[in-house]
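None of these values were measured; they are calculated from a predicted model. Just so we're on the same page: letters track the sequence lines, and every chain starts at 1.
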There are 2 protein chains.
Amino acid sequence: MSTRAVCEAAGVQQPVLYRLFGDKDGLLAATVDHVWDQYLGMKRAAAKSEDPLRDIRAGWDSHTAFALAHPHAYTLMVSPGLRAVPEAAAEAMRILREDLDRLAAQGRLRVAPETAARMIMSANTGVSLSLITRPGLYPDTSLSTLVRDAIHAAILAGPATPADPAGDARAAAVTTLLASVGDLTPEPFTAAESALFGEWLTRIPAADPAERPSPAEDLKDRTTS
Amino acid sequence: MSTRAVCEAAGVQQPVLYRLFGDKDGLLAATVDHVWDQYLGMKRAAAKSEDPLRDIRAGWDSHTAFALAHPHAYTLMVSPGLRAVPEAAAEAMRILREDLDRLAAQGRLRVAPETAARMIMSANTGVSLSLITRPGLYPDTSLSTLVRDAIHAAILAGPATPADPAGDARAAAVTTLLASVGDLTPEPFTAAESALFGEWLTRIPAADPAERPSPAEDLKDRTTS
DNA sequence: CCCCCGCGTTATCGTCGATAACACGGGGGT
DNA sequence: ACCCCCGTGTTATCGACGATAACGCGGGGG
């Protein structure tokens, strides 16, 4: 990317760019600020429900959806390249912390809101960046929901393993057998039997689907592209 | 960073750089490859214990420590800027997945090893990057441990199956699934499928501990690959 | 002994980031 | 009405950078 190219695209000459933004880094910084403004605008416009946990979940999903909808802008936003953009990032952290404060006021938080906010934000950016920059390694966007619920379960108070133990044990049994299905070929299973057996194993639901939040909620059209 | 500067620092002229690396991106790519080699070398040299969970925890901590020790190299490594480096990243994921496979073979994993590996890797890079690039927002390194345990708690099977360190997680998984095969009919299995599925389950022998690779073999196998 | 090719050099081109100097044009004080 | 003045945009230019062409040297094989 060259300043000449963006000036030609904007229909002006170079000096106006340097008058407006100082230098090239200034232009990049202004762009990043603009992306942060869009992000924060979406965050501030999010309607709040009476259940802070629901809002926090929606906040995570909207974060991931924003990243997937604007991958280049998002990588710029969280990229460490340019001069500091701490203000917008701190504001995002503050918005998240407000929801966490509400959760803490209800006695449902196990850790300090600041700590919970840092856990959520860092994990969320990590998942989003991975989904964007390594789609070959992370082909499934449901990863976002999995990590989200993992972090939320860790910061929430209450029973350590609230999920039903029956479905939990079943899921563990499925993964155990899936891990060892290779050792079962060619004895006692033929290759075809192992293939079908593995296929059936993946069809076993993990637990009662009504209990846990649906991961099928589409992340796509949560933001305006 | 200019090619002239690195050539002067190396005591050579520009054309040797272009002969060796093609162009500037080639030099950057070679640097990134070198960093990945260091990372993978550390990962491969890590001694494996008899407890895969301990190894996975140590792997997370060494990942974070590597990032904190070489922040610039790490940001280069995970930065999406240059041409693809999928091979080293895939190898890192494979190394992690080997530990997770061992965990799954012991019946202690709730999700598929691939899924668990992606959850761990994405969250770990997210935490490491946050600690590096936003030290003002993430002043405490213990964030890494918190997120680590959150992810691990989410992928680990519940406190069920406390015994069976010796090896019969497979048999336990078989009995678990046998007990719940009735709940799987008529969905997602037809009666005939459930019948065959149950029959196959009974054909699975108890795991033979000698069949599993020993940690020493594991290590040798890794270093040769 | 000479040839040849891997390796390094000097010299140069086009482009880029950044700035100096200048040109236009409309609003406010007298 | 006049002129001053500054905000805005232009042309011209500089130094540095990425990249390449052309050349030179030196040691191993026919």
Novice: Whole-Å distance between C:dT19 P and A:Q14 CD?
Specialist: 11 Å
Novice: With no hydrogens and no angle check, just 3.5 Å: does a side-chain donor-acceptor pair link A:S142 and A:D140?
Specialist: yes
Novice: Is there a donor-acceptor pair under 3.5 Å between the side chain of B:R110 and the backbone N or O of B:L156?
Specialist: yes
Novice: Go through the structure and list residues passing side-chain contact (heavy atoms from CB on, under 4.5 Å) with A:A92, not counting sequence neighbours.
Specialist: A:W36, A:Y39, A:L40, A:M121
Novice: Can any side-chain N or O of A:S144 pair as donor or acceptor with the backbone N or O of A:T141 at less than 3.5 Å?
Specialist: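 Checked: no pair found.
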Novice: Grab the CZ-P distance between A:R19 and D:dC6 for me, whole Å please.
Specialist: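 Atom CZ in A:R19 sits about 13 Å away from atom P in D:dC6.
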Novice: Using a cut-off of less than 4.0 Å, is there contact between a side-chain N or O of B:Y18 and OP1 or OP2 of D:dA19?
Specialist: yes
Novice: Side chain of B:V12 only, heavy atoms from C-beta on: which candidate in D:dG9, C:dC16, C:dT9 is closest?
Specialist: C:dT9
Novice: Can you tell me if A:T3 touches the phosphate of C:dG17, counting only side-chain N or O atoms and a distance under 4.0 Å to OP1 or OP2?
Specialist: yes
Novice: What is the separation between atom CZ on B:R4 and atom P on C:dC16, rounded to the nearest whole Å?
Specialist: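 It is 15 Å, rounded to the nearest whole Å.
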Novice: Please report the distance, rounded to the nearest Å, between CZ in A:F21 and P in D:dG9.
Specialist: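 So the two atoms are 12 Å apart, to the nearest Å.
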Novice: Could you tell me the separation between the CG atom of A:L27 and the P atom of C:dC16, rounded to a whole number of Å?
Specialist: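 Whole-Å distance recorded here is 15 Å.
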Novice: Rounding to an integer number of Å, can you tell me how far A:M1 CE sits from C:dT15 P?
Specialist: 18 Å
Novice: Within this structure, what is the CG-to-C1' distance between A:D23 and C:dG17, rounded to whole angstrom?
Specialist: 9 Å
Novice: Starting the side chain at C-beta, find the nucleotide from C:dT19, D:dG9, C:dT10 nearest to A:P15.
Specialist: C:dT19
Novice: Quick one: is B:Q13 getting a side-chain N or O under 4.0 Å of the C:dT10 phosphate, OP1 or OP2?
Specialist: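 For B:Q13, the contact criterion (side-chain N or O under 4.0 Å from OP1 or OP2 of C:dT10) is met.
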Novice: Roughly how many Å is it from CG in A:L20 to P in D:dG9, rounded to a whole number?
Specialist: 7 Å
